[in-house]
Amino acid sequence: MANIETIFQGEHEQVVFFTDPATGLKSIVAIHNSQLGPALGGCRMWNYESPQKALEDVLRLSKGMTYKAAVAGLNLGGGKAVIIGDPKKDKSEALFRSFGSFVDCLGGRYITAEDVGTDVNDMEFIFMETDNVVGVAETHGGSGDPSPWTAKGVVEGLRACVEARYQKSELAGLSVAVQGAGHVGGHLVDFLAAAGMRVFVCDIDKKKCELLAEKHRGKVSVVSTDEIYDLDVDVFCPSALGAVINEQTLPRLKCDIVAGSANNQLANPECGDELFKRKIMYAPDYAINAGGLMNVSIELGGYDERRANRMIRNIYYCMGAILQHSAQEKLPEYRCADRVAEKRIQEISRIKGRYKGENKPTFHGRVTRR
Ligand code: NAD
């Protein structure tokens with residue numbers, strides 16, 4: 001369990017608690033690692049059952065961001081923020097502006113963005129108090145909702161998986177089970193159906209699936225949230241919750257490839273080992289779902305959609321390299337992705353001179369769009 005002692009012994013560079021009783025703000029920002037650059041990661045607003053749970057979440061999520069940015073080839077570190085509160089009841093202009101002013105006092109070490117429970121409107125309030133926020137509206141020079149870009153990136157990663165698994169570059173003719181028809185899942189269904197895949201989709205909100213089935217008549221079928229694990233499909237695409245690859249679901253999977261947008265898909269590392277043993281190819285989640293992060297990161301130097309497209313295409317090459325490494329070394333894919341991330345952090349940190357006695361992080365994270 002995380003506490004002050006474990007934080008001091010751990011690997012996070014900085015953990016900051018912000019409170020503002022006047023607005024009800026209770027927030028934690030965790031900077032896991034800034035060796036590659038300023039720590040970028042979304043702000044999650046969640047009704048945590050205790051501050052302890054919020055602390056554990058922000059520590060875990062910020063570490064994940066370090067690995068995601070490193071594998072994505074970005075000059076960014078890993079950080080995350082949480083606001084303790086109910087996003088349906090506790091949001092206000094004052095709360096987000098208060099949070100924005102605290103983010104500002106970190107001087108660019110941490111850059112915030114949307115996450116579960118926050119959206120582009122909340123970013124606008126934060127933006128009134130700090131430049132260190134991305135994912136703001138297009139009208140402010142931002143890039144808006146990152147979800148379509150995350151979905152695009154998943155398609156690129158899936159292409160690499162299909163090439164490695166079936167030695168063909170086309171997705172057409174293959175079948176896919178998409179779990180979740182939310183912001184990312186909805187776009188994914190559109191892209192995969194357009195690419196000629198036979199799509200099965202489920203969501204606890206069945207209406208979302210029915211709309212997609214109607215839109216892509218004959219190509220998309222709705223299935224139940226339980227049935228999704230048993231389908232005899234080529235690809236399983238988790239795009240809703242984490243930990244869906246677990247001891248209960250694993251024996252039910254009949255697919256050749258698991259590739260989807262959800263964060264933390266493996267309930268534990270052993271599930272990644274078991275997928276590998278069963279010869280089910282696994283696209284490491286933080287490598288395949290980095291499209292949204294790539295897209296918002298471009299805002300830091302002035303948003304350019306062509307640059308976003310070019311960057312997201314890199315997910316195909318990055319995934320190809322991870323899969324090749326996995327095949328050569330006979331190592332589960334998730335471990336190869338960790339290796340790629342850790343190697344890059346080590347190499348680039350050395351080049352930036354951190355091991356030459358200048359043990360001072362370099363920050364160049366000021367947003368330049370205003
Ligand atoms: P979202 O909340 O818009 O969509 C999630 C969908 O999953 C919802 O429609 C919800 O009803 C559905 N759902 C919940 N429980 C389910 C269940 N048991 N079975 C089937 N469906 C269920 O979220 P999103 O932005 O689309 O993100 C989806 C996943 O991708 C999350 O794990 C998120 O962390 C991850 N992710 C998102 C982005 C992004 O750009 N939005 C980027 C990286 C990773």
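Both counts, for ligands and for their atoms, begin at 1 and track the order of listing. Values below: all heavy atoms of this structure, side chains included; hydrogens, waters and symmetry mates excluded. Only a predicted model underlies this, so the values are computations on that prediction, with no experimental measurement involved.
Protein heavy atoms are absent from the 4.0 Å sphere centred on atom 23 (O) of ligand 1.
The parts of Ile204 lying near ligand 1 are both backbone and side chain, judged by heavy-atom distances below 4.0 Å. Using a 4.0 Å cut-off between heavy atoms, Ile228 makes no contact with ligand 1 at all.
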_The test is salt bridge (Lys or Arg N to Asp or Glu O under 4.0 Å); show your working for Arg306 and Asp304 and say whether it passes._
CA-CA 6 Å; Arg306 285 169 313 172; Asp304 177 351; 3.5 Å; yes
*For Lys91 and Asp86, what are the C-alpha separation, side-chain angles and deciding distance, and is it a salt bridge (Lys or Arg N to Asp or Glu O under 4.0 Å)?*
CA-CA 8 Å; Lys91 285 188 179 184; Asp86 184 342; over 6 Å; no
*Is there a ring pair (Phe, Tyr, Trp, His ring centres under 6.0 Å) between Phe102 and Phe18 once you walk through the steps?*
CA-CA 7 Å; Phe102 283 132; Phe18 292 125; 4.4 Å; yes
_Working for salt bridge (Lys or Arg N to Asp or Glu O under 4.0 Å), residues Asp190 and Lys215_ = CA-CA 9 Å; Asp190 287 343; Lys215 187 171 169 190; 3.0 Å; yes
_Evaluate Asp226 against Arg252 for salt bridge (Lys or Arg N to Asp or Glu O under 4.0 Å), listing each step before the verdict._
CA-CA 11 Å; Asp226 187 49; Arg252 295 169 62 181; 3.2 Å; yes
*Walk me through it: do Glu247 and Asn268 pass the test side-chain contact (heavy atoms from CB on, under 4.5 Å)?*
CA-CA 9 Å; Glu247 284 79 4; Asn268 50 55; 3.2 Å; yes
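To the nearest 0.5 angstrom, Tyr286 atom OH is 13.5 Å from Leu293 atom CG.
For ligand 1 and Gly182, the ligand atoms under 4.0 Å from any heavy atom of the residue are 3 (O), 4 (O), 6 (C), 9 (O), 26 (O). Of all atoms in ligand 1, listed by their number and element, those nearer than 4.0 Å to a heavy atom of Ala262 are 29 (C), 30 (O), 32 (O), 35 (C).
Considering Leu188, Asn263, Leu61 only, the shortest heavy-atom separation from atom 33 (C) of ligand 1 involves Asn263. The nearest non-hydrogen atom to atom 7 (O) of ligand 1, considering only Gly153, Ala151, Ala240, comes from Ala240.
Here the heavy atom of the protein found nearest to atom 40 (O) of ligand 1 is Thr150 OG1, 2.7 Å. The protein atom (non-hydrogen) at minimum distance from atom 28 (C) of ligand 1 is Ser239 O, 3.3 Å. Distance from atom 6 (C) of ligand 1 to its nearest protein heavy atom, with residue and atom name: Asp203 OD2, 3.6 Å. Considering only non-hydrogen protein atoms, atom 19 (N) of ligand 1 sits nearest to Thr225 CG2, 3.6 Å. Summary of contacts: the protein heavy atom closest to atom 43 (C) of ligand 1 is Asn289 O, 3.6 Å. At the top of the distance list for atom 37 (C) of ligand 1, counting protein heavy atoms only, stands Val184 CG2, 3.8 Å. Remark: minimum distance from atom 3 (O) of ligand 1 to any protein heavy atom is reached at His183 ND1, 2.6 Å. What sits closest to atom 35 (C) of ligand 1 on the protein, heavy atoms only, is Ser261 O, 3.3 Å.
Between the side chains of Tyr67 and Glu342, at least one donor N or O sits under 3.5 Å from an acceptor N or O. A donor-acceptor pair shorter than 3.5 Å cannot be found between the side chains of Tyr334 and Asp285.
Within the 4.0 Å heavy-atom shell around ligand 1 one finds Ser147.
Between the side chain of Ser27 and the backbone N or O of Val82 there is at least one donor-acceptor pair closer than 3.5 Å.
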